[in-house]
Amino acid sequence: GEKVEQHESTLSVREGDSAVINCTYTDTASSYFPWYKQEAGKSLHFVIDIRSNVDRKQSQRLIVLLDKKAKRFSLHITATQPEDSAIYFCAASGNYAQGLTFGLGTRVSVFP
Amino acid sequence: GGIITQTPKFLIGQEGQKLTLKCQQNFNHDTMYWYRQDSGKGLRLIYYSITENDLQKGDLSEGYDASREKKSSFSLTVTSAQKNEMAVFLCASSLDRGGISGNTLYFGEGSRLIVV
């Protein structure tokens, strides 16, 4: 089945700098790659996604890049703010039977 | 908007006990999921259901049962609680199969299981 590796377990960034989280996947059938955010003591909520028919998507300060050849996708948080501090999970769709497969999460800490 | 409600928020049980977690959603979503979140292990799918009375096993289904009594509710039973069960269980729902169709998953606040 699909396997998703999230390469950074923790990231510490200065406020205003960019944070980049990298994920790789194994199943070439994966076509949908969402990102979820989990703030301290709270549950996950969706932040942005990308589908395999594009290689870049931006929503405000979030940019997602997809490299299908390398089976790699990344989340760029630009101009980081304290409220960006959270755990971020990448996921890949796999095939129909599996549903979403999640990475292990990256804890992002934004310091002043 | 809608909401997913998980009960209880904390569930304390004894080793070997059968314990049940409940989840309700008012999004009118077809698909519901139970994930287990362990520190350092991310989210792992236990069971999901694509419609009322449907059940599909995830990667972590052994030791669990699930029940989709109606469209809005999905319950998860730990058949015999073990001390290594101490984790957070997350319920989620999506309009249809969120993974393949790209519909957003909406998560509940989580239920923390503590086994003594």
Side-chain angles (χ1 to χ4, degrees), chain A residues 1-10 21 23-54 57 59 64 66 73 86-107, chain B residues 1-7 9-10 21 23 25 27 29-50 54-61 74 87-112:
Chain A
E2 175 65 283
K3 289 183 177 27
V4 175
E5 186 174 353
Q6 198 160 342
H7 294 264
E8 296 83 9
S9 56
T10 59
I21 305 169
C23 290
T24 50
Y25 62 98
T26 57
D27 191 344
T28 51
S30 283
S31 58
Y32 173 65
F33 307 90
W35 289 84
Y36 286 80
K37 178 182 181 182
Q38 186 175 33
E39 293 166 72
K42 297 190 177 177
S43 194
L44 280 76
H45 68 266
F46 170 84
V47 288
I48 193 170
D49 60 15
I50 191 166
R51 294 174 194 271
S52 58
N53 58 344
V54 297
K57 183 174 179 178
S59 173
V64 183
L66 173 63
F73 58 114
I87 301 175
Y88 292 80
F89 292 91
C90 62
S93 58
N95 61 34
Y96 184 83
Q98 280 183 281
L100 286 175
T101 300
F102 285 84
L104 296 187
T106 299
R107 184 181 294 275
Chain B
I3 191 167
I4 295 187
T5 304
Q6 289 186 234
T7 54
K9 231 176 158 96
F10 295 93
L21 304 169
C23 178
Q25 53 98 359
F27 288 99
H29 283 164
D30 292 317
T31 306
M32 295 186 75
Y33 311 79
W34 276 106
Y35 286 92
R36 175 175 159 152
Q37 183 175 21
D38 293 273
S39 177
K41 291 187 181 175
L43 274 73
R44 292 179 288 174
L45 182 64
I46 306 172
Y47 267 99
Y48 65 98
S49 165
I50 61 174
D54 174 75
L55 286 178
Q56 308 284 342
K57 290 183 178 181
D59 292 334
L60 207 64
S61 61
F74 193 30
V88 175
F89 292 85
L90 294 171
C91 177
S93 72
S94 65
L95 186 58
D96 58 17
R97 280 304 309 279
I100 196 71
S101 61
N103 284 301
T104 301
L105 266 63
Y106 293 86
F107 284 84
E109 294 289 312
S111 295
R112 185 174 291 278

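What you see is a predicted model; the values in this text were computed from it and never measured. Residue numbering restarts at 1 for every chain, and letters A, B, ... go by the order of the sequence lines. Computed from heavy atoms alone, side chains included, the values below leave out hydrogens, waters and symmetry copies.
- Between F89(A) and I21(A), every side-chain heavy-atom pair lies at or beyond the 4.5 Å cut-off.
- Note on ring orientation: taking the six-membered ring where Trp is involved, the planes of Y36(A) and F107(B) are perpendicular (angle over 60°, cut-offs 30° and 60°).
- With a 4.5 angstrom heavy-atom cutoff, Q38(A) touches chain B only via side-chain atoms.
- Looking at Y25(A) and T101(A), their side chains never bring a donor and an acceptor atom within 3.5 Å of each other.
- In this structure, chain A has heavy atoms under 4.5 Å from both the backbone and the side chain of L43(B).
- Residue with the most contacts toward chain A among G108(B), G58(B), G110(B): G108(B) (heavy-atom pairs, distance under 4.5 Å).
- Q56(B) pairs by the side chain to side chain donor-acceptor pair (under 3.5 Å) definition with D54(B), not counting sequence neighbours.
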